[in-house]
**Q** 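My questions will all concern the structure given below.
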Amino acid sequence: MSTTLIKNARIASSNDNHEFVQLDATDILVVNGKIQAIGNDLVCETAVRVDAHEQWCLPGFIDCHTHLVYGGNRAQEFSLRLKGVSYETISKQGGGIKSTVRATRALNEATLLSQTLRRAKRLAEEGVTTVEIKSGYGLDKDTELRMLDVALKVGELTNLNIQRTFLGAHALPPDSEVSAEEYIDFVCQTMIPYVAEHQLADAVDVFCEKVGFNLAQTERVFMAAKQSNLKVKGHVEQLSDSKGAALAAKYNALSVDHIEYLAEEDIPLLADSGTVAVLLPGAFYYLKETQLPPIDALRKYNVPIAISTDMNPGTSPIASLLTCANMACVLFGLTTAEALTGITAHAALALGLKNKGQIKTGYDADMCLWDIESPESLVYEINGYRPTAKWIGGKRVL
Ligand SMILES: [Zn+2]
């Protein structure tokens with residue numbers, strides 16, 4: 001692996017106080033994929049030298065919650081909803097998540113991969129270097145495993161760091177007589193041990209909601225994950241206060257995601273368990289939700305806030321993390337600095353990645369150069385910029 005010396009950059013990153021700031025340094029030395037030194041007037045005779053010409057160098061962005069692997073799309077459903085047809089009616093007619101499950105099951109691995117790659121490349125173009133990808137549109141063993149395999153291949157073909165999450169407990173399988181309890185048995189007794197044994201995922205996720213799985217079923221999934229030494233996270237408090245976040249905190253979840261209906265009384269539990277609050281403003285926008293996540297209370301208890309696309313065909317078909325960062329500011333009231341921390345350092349925490357998300361000595365050299373006035377430009381302007389150079393694990397990929 002080559003050694004790289006970036007000179008004359010304006011460097012910005014979250015610091016250990018979770019503030020997104022300009023560092024008092026212009027040079028970065030990368031050795032063996034890691035940031036070895038940050039300073040001024042760094043010298044290394046053997047390094048490949050890159051003159052940044054005072055462009056900004058930021059950590060690579062981390063999209064910590066996506067459903068990137070799926071078949072088909074829900075454009076027709078989108079049109080119907082715009083005409084006033086309810087989600088319930090669409091669901092009864094075989095639409096909604098069921099239609100995505102059927103479309104995903106119908107695709108072979110090569111087709112599923114090529115469709116997923118298109119979306120992954122869109123994310124990558126905007127400076128994303130790490131993407132979390134969930135299963136959850138198979139809901140049977142073969143398709144769930146195919147989704148996780150496709151996610152792995154996306155990483156191999158794009159250079160992106162991919163974190164995989166098993167979301168077998170996303171919905172009840174369509175075209176099946178199985179009860180919720182029986183399906184959770186299958187998830188806990190068959191799937192989670194298999195996924196863990198073959199190292200197919202880094203974490204386990206559950207959709208805890210009235211229209212998903214109840215609290216007792218969610219806890220069974222969390223317990224099975226813990227028994228298999230897998231970390232947990234949850235889709236919680238999206239449509240109602242179901243107490244999924246408090247349960248997730250009890251299991252030291254990496255993150256609780258959506259959380260529009262999170263009660264303030266449960267927020268100290270998240271602070272104690274080191275759980276990250278992941279905002280998904282894209283789903284809020286597409287569903288025209290009005291209940292805002294409790295941003296002030298999350299700040300009050302110093303719960304780290306991350307932002308993600310929730311890229312999925314039904315409720316958040318947005319392959320742009322920076323657009324979602326903008327939405328978190330406009331719709332939820334985050335500052336631009338909070339939004340930038342939310343797609344870097346805090347997104348890394350939401351995935352349990354200890355060496356990513358900051359420009360810091362010893363961290364992975366995932367970073368981009370940007371020809372911008374200031375970092376906040378990236379959040380202020382939608383679709384305004386692309387990085388001019390990019391490194392993932394020290395390897396130059398742009
Ligand atoms: Zn989701």
Side-chain angles (χ1 to χ4, degrees), residues 62-71 73-74 77-78 87 96-101 104 116 119-120 123 128 130-139 144 147-148 150-151 162-172 187 201-213 218 221-222 225 231-240 242 244-245 248 253-262 275-287 289 291 293 305-321 323-325 327-328 331-332 342-343 347 350-351:
I62 298 173
D63 197 350
C64 64
H65 178 141
T66 85
H67 307 255
L68 211 63
V69 180
Y70 61 80
N73 72 54
R74 309 243 287 267
E77 174 184 321
F78 177 67
Y87 185 80
I97 191 170
K98 289 178 199 160
S99 68
T100 299
V101 172
T104 305
T116 305
R119 299 184 278 269
L123 292 174
V128 167
T130 296
V131 180
E132 185 257 20
I133 300 179
K134 302 176 195 295
S135 70
Y137 289 126
L139 312 179
E144 287 291 305
M147 289 182 74
L148 293 169
V150 165
I162 301 294
Q163 291 287 303
R164 295 183 293 173
T165 301
F166 174 63
L167 178 58
H170 193 193
L172 269 184
V187 166
D202 310 287
V204 172
D205 195 344
V206 189
F207 185 31
C208 177
E209 192 58 66
K210 285 177 193 152
V211 294
F213 294 95
T218 301
V221 174
F222 285 170
K231 297 259 199 295
V232 300
K233 45 178 55 225
H235 287 68
V236 301
E237 270 76 286
Q238 180 187 8
L239 307 169
S240 63
S242 302
L254 290 169
S255 68
V256 287
D257 302 32
H258 286 294
I259 60 165
E260 279 87 343
Y261 285 84
L262 174 62
T275 301
V276 176
V278 177
L279 306 179
L280 305 173
F284 176 93
Y285 164 82
Y286 268 94
L287 294 171
E289 291 287 344
Q291 173 80 26
I305 299 172
I307 302 159
S308 175
T309 60
D310 192 18
M311 171 75 214
N312 78 73
T315 59
S316 193
I318 307 179
S320 169
L321 184 56
T323 301
C324 292
M327 286 178 165
L331 300 175
F332 296 164
I343 57 174
L351 297 175

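Predicted, not measured: the structure shown is a model, and the values here were computed from it. Counting convention: from 1, in listed order, for ligands and their atoms alike.
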**Q** Relative to the ring of Tyr70, is the ring of Tyr137 parallel (under 30°), tilted (30 to 60°) or perpendicular (over 60°)?
**A**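 Tyr137 vs Tyr70 ring planes: perpendicular.
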
**Q** Name of the Asp310 N, O or S atom nearest the Zn ion (ligand 1)?
**A**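 Among the N, O or S atoms of Asp310, the one closest to the Zn ion (ligand 1) is OD1.
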
**Q** Cut-off 3.5 Å, side chains only: do Thr165 and Asp205 have a donor facing an acceptor?
**A**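 No, no side-chain donor-acceptor pair sits under 3.5 Å.
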
**Q** Is there an N/O/S atom in His67 that lies less than 2.8 Å from the Zn ion (ligand 1)?
**A**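 Of the N, O and S atoms in His67, at least one lies under 2.8 Å from the Zn ion (ligand 1), which means yes.
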
**Q** Between the side chains of His235 and Asp257, is a donor N or O closer than 3.5 angstrom to an acceptor N or O?
**A**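 There is no such pair (donor and acceptor under 3.5 Å, judged by atom type) between the side chains of His235 and Asp257.
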
**Q** Please give the atom name: the N, O or S atom of His235 nearest to the Zn ion (ligand 1).
**A**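 In His235, the N, O or S atom with the shortest distance to the Zn ion (ligand 1) is NE2.
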
**Q** Going by atom types only, do Glu237 and Ser242 share a side-chain donor-acceptor pair under 3.5 Å?
**A**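 Ser242 and Glu237 do not have a side-chain donor-acceptor pair below 3.5 Å.
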
